[in-house]
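Right, one structure below, let's go through it.
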Amino acid sequence: DLQAPDLYIPLMSFVTFILITGYYQGQSGDFKAENLSYVFSKSLFVWLFEAAIQKGVFTCLNFGNPKFFELVAYTGYKFVVLCFIMVA
């Protein structure tokens, strides 16, 4: 399907978000590898939790039945915006 969402851009922006976070921690002098793992796990949890909540809302409201990974792909685009915000 030509219009099917993929996870390439959300995954790459997720990794870029983690790297930018580590870069800014290093610039401020308080870089620790544990902080990167904390940011990774917390961001991944929030991303999947948001997709699960949306899946539940779509199911409860009987408003279509999108696949879970489609919702993960669509909700992952927030990391693109977060990368731009952090760089700016």
Side-chain angles (χ1 to χ4, degrees):
D1 185 18
L2 186 60
Q3 298 296 325
D6 61 350
L7 282 170
Y8 179 75
I9 294 174
L11 282 176
M12 291 302 110
S13 61
F14 178 70
V15 171
T16 305
F17 171 72
I18 303 280
L19 293 174
I20 290 173
T21 302
Y23 175 76
Y24 280 120
Q25 287 177 353
Q27 290 297 318
S28 65
D30 59 345
F31 175 78
K32 295 179 186 167
E34 297 86 29
N35 291 345
L36 284 184
S37 64
Y38 175 74
V39 169
F40 171 78
S41 60
K42 187 174 181 178
S43 300
L44 185 65
F45 173 76
V46 168
W47 186 11
L48 295 177
F49 183 70
E50 181 182 359
I53 292 294
Q54 286 185 359
K55 177 73 172 171
V57 168
F58 277 115
T59 303
C60 288
L61 294 178
N62 210 10
F63 188 71
N65 192 14
K67 294 186 173 36
F68 180 72
F69 284 111
E70 287 182 3
L71 292 175
V72 169
Y74 287 134
T75 57
Y77 281 98
K78 69 176 159 280
F79 292 109
V80 175
V81 177
L82 281 173
C83 289
F84 284 124
I85 289 172
M86 289 183 70
V87 169

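Numbers here simply count residues along the sequence, with the first being 1. Just so you know, these numbers come straight off a predicted model, no measurement behind them.
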How far apart are the closest heavy atoms of [X] and [Y], and which atoms are they?
| X | Y | value |
| --- | --- | --- |
| A52 | F68 | N-CE1, 3.7 Å |
| S13 | G76 | OG-O, 3.9 Å |
| A73 | P10 | O-CG, 3.3 Å |
| K55 | P66 | NZ-O, 2.6 Å |

Rounded distance (nearest 0.5 Å) linking atom [atom1] of [X] with atom [atom2] of [Y]:
| X | Y | atom1 | atom2 | answer |
| --- | --- | --- | --- | --- |
| I20 | Q25 | CD1 | CD | 12.5 Å |
| I53 | L48 | CD1 | CG | 12.0 Å |
| Y74 | L71 | OH | CG | 9.0 Å |
| M12 | L19 | CE | CG | 10.0 Å |
| N35 | F40 | CG | CZ | 15.0 Å |

Are there more than 12 heavy atoms of other residues, nucleotides or ligands under 6.0 Å from atom [atom1] of [X]?
| X | atom1 | answer |
| --- | --- | --- |
| F69 | CZ | no |
| Y24 | OH | yes |
| Y38 | OH | no |

Group every Ile, Leu, Val, Met, Phe, Trp and Tyr by side-chain heavy-atom contacts under 4.5 Å, then state whether [X] and [Y] land in the same group.
| X | Y | result |
| --- | --- | --- |
| L11 | V72 | yes |
| F17 | L7 | yes |
| I18 | V87 | yes |
| V39 | L44 | yes |
| F63 | V57 | yes |

Pair F79-T16, side chain to side chain contact (heavy atoms under 4.5 Å, CB included): steps then yes or no: CA-CA 8 Å; F79 292 109; T16 305; over 6 Å; no

Is the distance between the ring centroids of F31 and Y23 under 6.0 Å? no

